**Student:** 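One structure follows; several queries about it will come next.
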Amino acid sequence: MKYDVAIIGGGPAGYTAAEKAAAGGLSTVLFEKNALGGICLNEGCVPTKTLLYSAKVYDTIKHAQKYAVKAENPTFDFPKIIARKNKVVKKLTAGIRMKMTEHGVVVVNGEAEIKGRSADGTISIVCGEETYEAANLLLCTGSETVIPPIPGLAETDYWTSREALQTKELPASLVIIGGGVIGMEFASFFNSMGTEVHVVEMLDKILGPMDKELSEMLQAEYAKRGIRFYLGHKVTAVHGGEVTVEKDGESFVIEGEKVLLSVGRCPVTKGFGLETLSPEPFRNGIKVNQYMQTSLPNVYACGDITAFSLLAHTAVSEAEVAVKHILGKAGAGMSYKAIPGVVYTNPEIAGVGKTEEELQAEGIPYIVKKLPMAFSGRFVAENEQGNGVCKLILSEDETVIGAHLLGNPASELVVIAGIAIEKGMTAEELKSIVFPHPTVGEIIKEAL
């Protein structure tokens, strides 16, 4: 059978594209070799946040006396925390499958392989013993964990995020290789659960491209909670729970019951016949235009495979743009001006738009408006003895071009700033918006 649209990969980009295409009247087939929802729902975003919420509840109860509430000797049931995570994932996966059924998407469970593209552009795909044809193809194959060639790693029973999410036992100590978003979220969770945590990062700061000042504040907060950081350290060997690190010519060993590897992710471009199409590459992924088209006009790529913004919400937006283009409704195409980045530690840290470091590197003048979160009455009421920062970055004409927040609920507040950046609002225009009182979101208006 020939379809209007074939999609390889059932993660955020894939299932979004399938829903939108089918809703637009296009016959759609979606191939997924594992579970619908992809890495984000099954091994990443959602299960991690479920665990982190349990940790946050536990942390809140442990410090209940700050709010004049007595809660003596709080404990947790780790296997049940993991079981709850599995229940949440199962529920959401079922929801996606139901949505596909409601829209008439044909879901094929299995490994799809592209067999070629005919003279009229029709693409042939084989899955199992069946052959499928499609007028348009969307590549939404996602990404996988980077496994660096560290001596001894192959012989070590290490964790990636997959194994860390599946464990039923809490390690007494954990060495995390990589202080990026994934590494810090797991550091936060296991630290709250009482595990001794060590974080090794090759850069001189955690959280890579996020605002340096706020990243350092978050690191200082977790250092107070007992996490040990080794910044600017290179891992030279791993043997069991022994991690050898080096800095300035000196090396030493960090010991942990478990080792968690989280040094990044890379696009999945092999194993599904991509070489038969040979689209133009970009970095270690596929090059696309503003409509998510590859160098082949009826072949689109969305999500991590584009090697640009490896975030689930970016993937969803890209999929929407791709399907609109197929339907002839694309408009201006994909905008990356205001893609939020969030780290769901406790406290949360979030950023959108330009950072000071980026602007300094580009030699672009800017204005900073900054205020402690304690200027928000709601924040003070809900965060006893806690603090954070709201930092807004303006261009010389006072257009909002960046926003960076540390403190709960930064993940929700960053949306406000993201809208302002995407729409090119000035500080005066954003200040003219009426914010409800008391809310933590008022801090944005106060900072301006």
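Fair warning: this is a prediction, and the values are worked out from it, not measured in the lab.
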**Student:** Looking only at heavy atoms, what is the nearest atom pair of Ala18 and Leu30, with distance?
**Tutor:** CB-CD2, 4.3 Å
**Student:** Between Phe252 and His233, is the ring centroid distance below 6.0 Å?
**Tutor:** yes
**Student:** For residues 338-346, which side-chain donor-acceptor pairs fall under 3.5 Å, sequence neighbours excluded?
**Tutor:**
| unit_1 | atom_1 | unit_2 | atom_2 | d |
| --- | --- | --- | --- | --- |
| Thr345 | OG1 | Pro347 | O | 2.6 |
| Asn346 | OD1 | Asn408 | ND2 | 2.9 |

**Student:** So which heavy atom on Glu201 is nearest to which on Gly178, and how close?
**Tutor:** OE1-C, 3.7 Å
**Student:** Just by distance, do the side chain of His325 and the backbone of Val321 share a donor-acceptor pair under 3.5 Å?
**Tutor:** no
**Student:** Nearest 0.5 Å, what's the CD-OG distance between Glu357 and Ser215?
**Tutor:** 8.0 Å
**Student:** Tell me the side-chain hydrogen bond (donor to acceptor under 3.5 Å, both in side chains) pairs involving residues 169-186, sequence neighbours left out?
**Tutor:** Lys49-Glu185
**Student:** Show your working on salt bridge (charged side-chain N to carboxylate O under 4.0 Å, His left out) between Glu428 and Lys431 and close with a plain yes or no.
**Tutor:** CA-CA 5 Å; Glu428 281 300 318; Lys431 280 194 294 183; 3.0 Å; yes
**Student:** Quick one, Lys234 with Glu246, criterion salt bridge (charged side-chain N to carboxylate O under 4.0 Å, His left out). Give me CA distance, side-chain angles, the key distance, then yes/no.
**Tutor:** CA-CA 5 Å; Lys234 180 182 179 181; Glu246 182 183 279; over 6 Å; no
**Student:** With heavy-atom distances below 4.5 Å as the criterion, would you say the side chains of Glu32 and Asn34 are in contact?
**Tutor:** yes
**Student:** I'd like to check the side chain to side chain donor-acceptor pair (under 3.5 Å) partners of Ser188; sequence neighbours left out, ordered by chain and number.
**Tutor:** Tyr222
**Student:** Quick one: salt bridge (charged side-chain N to carboxylate O under 4.0 Å, His left out) pairs with a partner in residues 59-76, sequence neighbours left out?
**Tutor:** Asp59-Lys62
**Student:** Within this structure, what is the CD1-CG distance for the pair Ile8 and Leu274, rounded to the nearest 0.5 Å?
**Tutor:** 8.5 Å
**Student:** So, using side chain to side chain donor-acceptor pair (under 3.5 Å) as the criterion, who are the partners of Gln219 when residues are at least two apart?
**Tutor:** none
**Student:** Answer whether the closest heavy-atom distance between the side chains of Leu139 and Phe272 falls below 4.5 Å.
**Tutor:** yes
**Student:** How are the rings of Phe78 and Phe190 set to each other: parallel, tilted or perpendicular (split at 30° and 60°)?
**Tutor:** tilted
**Student:** When rounded to the nearest 0.5 angstrom, what is the spacing between OH in Tyr67 and CD in Glu382?
**Tutor:** 8.5 Å
**Student:** If you measure only the distance, is there a donor-acceptor pair under 3.5 Å linking the side chains of Glu446 and Ser376?
**Tutor:** no
**Student:** Can you pull out every salt bridge (charged side-chain N to carboxylate O under 4.0 Å, His left out) where at least one residue sits in residues 389-400? Sequence neighbours excluded, please.
**Tutor:** Asp211-Lys391, Glu213-Lys391, Glu356-Lys391
**Student:** Tell me every residue that passes side-chain contact (heavy atoms from CB on, under 4.5 Å) with Glu358, counting only those two or more places apart in sequence or in another chain.
**Tutor:** Lys354, Thr355, Glu362
**Student:** What distance separates Tyr336 OH from Glu318 CD, expressed to the nearest 0.5 Å?
**Tutor:** 3.5 Å
**Student:** Show every salt bridge (charged side-chain N to carboxylate O under 4.0 Å, His left out) that has at least one partner inside residues 78-93, sequence neighbours left out.
**Tutor:** none
**Student:** Under the side chain to side chain donor-acceptor pair (under 3.5 Å) rule, collect the residues that match up with Gln360, sequence neighbours excluded.
**Tutor:** Tyr366
**Student:** According to side chain to side chain donor-acceptor pair (under 3.5 Å), who are the partners of His198, at least two apart in sequence or on a separate chain?
**Tutor:** Glu196, Tyr230
**Student:** Search all heavy atoms of Lys205 against all heavy atoms of Leu231 and return the closest pair with its distance.
**Tutor:** CA-CD1, 4.1 Å
**Student:** Suppose we screen for ring-ring contact (aromatic ring centres under 6.0 Å, His included). Which residues come up paired with Tyr53, at least two apart in sequence or across chains?
**Tutor:** none
**Student:** Do Ile433 and Lys445 come close enough that some side-chain heavy atom pair is under 4.5 Å?
**Tutor:** no
**Student:** Answer yes or no: is there a side-chain heavy-atom contact under 4.5 Å between Thr93 and Leu41?
**Tutor:** yes
**Student:** Specify whether Tyr58 and Phe76 have parallel, tilted or perpendicular ring planes, treating 30° as the upper limit for parallel and 60° as the lower limit for perpendicular.
**Tutor:** perpendicular
**Student:** Asp304 and Pro267: which non-hydrogen atoms are nearest, and at how many Å?
**Tutor:** O-CG, 3.4 Å
**Student:** Using modelled atom types and a 3.5 Å cut-off, is there a donor and acceptor pairing between side-chain atoms of Asn289 and backbone atoms of Tyr291?
**Tutor:** yes
**Student:** Hey, are Lys212 and Glu216 close enough for a salt bridge, meaning a charged N less than 4.0 Å from a carboxylate O?
**Tutor:** yes
**Student:** Indicate the atoms forming the closest heavy-atom contact of Ile367 with Ser395, along with that distance.
**Tutor:** CD1-O, 3.5 Å
**Student:** Write down the atom of Gly179, the atom of Met184, and the distance for their closest heavy-atom approach.
**Tutor:** O-CG, 3.7 Å
**Student:** Could you check whether any side-chain heavy atom of Pro279 comes within less than 4.5 Å of a side-chain heavy atom of Lys287, counting everything from C-beta outward?
**Tutor:** no
**Student:** Let me check something: any side-chain donor-acceptor pairs from residues 147-159 under 3.5 Å, sequence neighbours excluded? List them with distances.
**Tutor:**
| unit_1 | atom_1 | unit_2 | atom_2 | d |
| --- | --- | --- | --- | --- |
| Thr156 | OG1 | Gly152 | O | 2.8 |
| Thr156 | OG1 | Val238 | O | 3.4 |
| Thr156 | OG1 | Gly240 | N | 3.2 |

